[in-house]
Amino acid sequence: MKWALVLSGGGGTGLSHIGVLKGLEHLCIKPDLIAGTSIGAVIGGAYACGMEVEDFEELLKDFNIYHYLEGRSFQLNVGAVTRFLQAQEAVNRMLMSRGADGGSKILELLYRITNNASFSDTRIPFYCNAVDLISGREILMHRGSVAEAIRASMAFPGVFTPVERDRLLLCDGAVADNLPVWIPRSLGIKRVIAVNVTPRRTAMDDDISNGFSIFLRAFTIACYGQARTHRDTPSLELIPGNIDRPFDFSSPEKLIRMGYNAVLEQKRRILEITRPWYQHLIRR
């Protein structure tokens with residue numbers, strides 16, 4: 001019986017998804033389908049296209065998110081003046097266009113890690129969601145370029161410009177559903193393991209220190225309020241660690257370890273879901 005893996009959005013916190021994939025491989029398990037949103041779409045889509053866990057870890061060794069942003073000030077050395085220039089440039093871009101960053105460098109990276117694949121080329125069936133800003137509808141992405149679909153699914157409002165596609169104006173799928181369990185369920189897959197890196201948490205006062213952090217916190221709270229029906233409830237929900245810093249990519253090893261440990265902690269339940277015969281075996 002088939003089972004699906006659903007990966008939530010959550011920015012840098014979503015690097016835990018890599019650890020989850022590593023843990024599943026340790027158990028010699030691979031999903032029959034992957035669905036994701038935002039960073040979950042990035043990692044899930046690249047993995048579905050054939051990127052190995054070791055490739056993710058190698059990429060993250062010297063990863064700097066600023067290298068994949070368009071603004072000139074983001075290429076400067078970090079310091080007080082640089083931070084001021086970055087903030088000023090970001091505000092100017094937001095006022096003059098539909099986002100602080102056009103996403104062209106990010107898209108180049110996505111083409112690379114997905115091997116420029118189409119959805120029909122993936123080794124594991126893959127789906128992601130986005131939101132059409134014009135109609136307000138959630139959109140299922142499952143045709144054409146995987147990289148371009150991921151770019152739409154991760155277009156965080158105000159940060160990355162939305163993607164124009166098929167007369168739609170697409171932004172981050174988390175706006176509508178940050179844990180799209182409904183995708184595999186709508187395709188007839190009943191066994192679903194979902195990884196939620198942005199569960200309901202109480203924030204620390206230090207984490208809400210400026211206007212942008214308030215916006216991020218408000219966005220996260222809005223995700224908490226998304227209604228869950230039976231179709232949206234996974235067979236098992238994994239919650240790695242307790243970190244909520246969406247734009248912090250500075251501790252990949254720690255986050256990957258959290259995802260890996262989350263799998264090992266739920267090993268028995270995961271095996272029961274992914275290998276139905278296992279449940280009968282352990283009861284003997």
Side-chain angles (χ1 to χ4, degrees), residues 2-25 27 29-53 55-57 59-60 110 113-114 119 122-130 138 140-142 146-147 149-156 172-187 189 191-199 220 223 226 228 232-241 243-244 246 249 252 255-263 266 270 273-274:
K2 292 183 177 181
W3 72 279
L5 180 67
V6 176
L7 305 177
S8 79
T13 315
L15 297 181
S16 296
H17 293 320
I18 300 170
V20 169
L21 294 172
K22 188 173 185 177
L24 292 174
E25 288 190 356
L27 300 179
I29 297 170
K30 281 202 174 185
D32 298 294
L33 179 146
I34 299 175
T37 190
S38 200
I39 187 67
V42 175
I43 293 170
Y47 189 74
C49 289
M51 190 169 183
E52 303 289 347
V53 168
D55 298 329
F56 282 113
E57 292 176 321
L59 175 67
L60 291 169
L110 294 176
I113 65 176
T114 60
F119 279 87
T122 60
R123 296 183 185 180
I124 300 172
F126 170 68
Y127 298 78
C128 61
N129 67 341
E138 184 177 5
L140 179 63
M141 314 287 284
H142 61 101
V146 175
I150 295 172
R151 167 66 181 86
S153 183
M154 59 160 287
F156 195 90
D172 200 310
V175 171
D177 193 340
N178 196 41
L179 199 66
V181 172
W182 70 269
I183 294 177
R185 288 275 166 77
S186 69
L187 297 170
I189 298 180
R191 297 173 182 268
V192 179
I193 295 176
V195 186
N196 188 359
V197 299
T198 53
T220 303
C223 290
Q226 293 166 352
R228 288 263 191 105
D232 299 313
T233 304
S235 309
L236 174 65
E237 183 172 337
L238 299 178
I239 302 175
I243 296 178
D244 188 12
F249 290 80
L255 291 163
I256 291 172
R257 196 181 315 115
M258 284 181 174
Y260 184 81
N261 290 339
V263 170
Q266 293 288 339
I270 290 170
I273 293 168
T274 60

Spacing of [atom1] belonging to [X] relative to [atom2] belonging to [Y], to within rounding of 0.5 Å:
X      : Y      : atom1 : atom2 : result
Met154 : Leu110 : CE    : CG    : 6.0 Å
Leu140 : Trp182 : CG    : CH2   : 4.5 Å
Ser16  : Asn196 : OG    : CG    : 11.0 Å
Arg123 : Ile34  : CZ    : CD1   : 12.0 Å
Ile183 : His142 : CD1   : NE2   : 9.5 Å
Leu255 : Leu60  : CG    : CG    : 9.5 Å

Which heavy-atom pair separates [X] from [Y] by the least distance, and what is that distance?
X      : Y      : answer
Gly10  : Ile39  : N-CG2, 3.4 Å
Ala35  : Pro184 : CB-CD, 4.2 Å
Ala41  : Phe126 : O-CZ, 3.5 Å
Ser153 : Gly36  : OG-O, 4.2 Å
Trp3   : Leu24  : CH2-CD1, 4.0 Å
Val195 : Leu179 : O-CD1, 3.6 Å

Which pairs count as side chain to side chain donor-acceptor pair (under 3.5 Å) when at least one residue sits in residues 32-51, sequence neighbours excluded?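 For residues 32-51, and leaving out neighbouring residues, the side chain to side chain donor-acceptor pair (under 3.5 Å) pairs sorted by first residue read Glu25-Tyr47, Thr37-Asn129, Ser38-Asp172.
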
Asn178 side chain to Gly9 backbone, donor-acceptor under 3.5 Å: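 Between the backbone of Gly9 and the side chain of Asn178 there is a qualifying donor-acceptor contact (under 3.5 Å).
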
Heavy-atom check, side chain of [X] versus side chain of [Y], under 4.5 Å:
X      : Y      : answer
His17  : Ser8   : yes
Gln266 : Ile193 : no
Asp55  : Ile113 : no
Ile256 : Val53  : no
Val6   : Pro234 : no

Leu5 and side-chain contact (heavy atoms from CB on, under 4.5 Å): which single residue from Val192, Leu33, Thr274, Leu21 fits?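 Among Val192, Leu33, Thr274, Leu21, the one meeting side-chain contact (heavy atoms from CB on, under 4.5 Å) with Leu5 is Leu21.
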
Could you pull out all residues at least two apart from Glu138 that satisfy salt bridge (charged side-chain N to carboxylate O under 4.0 Å, His left out)? none

Go through it in stages, so that I can follow the logic: the residues are Val181 and Thr233, the test is side-chain contact (heavy atoms from CB on, under 4.5 Å), and I'd like the CA-CA distance, side-chain angles, deciding distance and then a yes or no. CA-CA 7 Å; Val181 172; Thr233 304; over 6 Å; no

The criterion is ring pair (Phe, Tyr, Trp, His ring centres under 6.0 Å); which residues satisfy it with Phe56, sequence neighbours excluded?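 None.
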
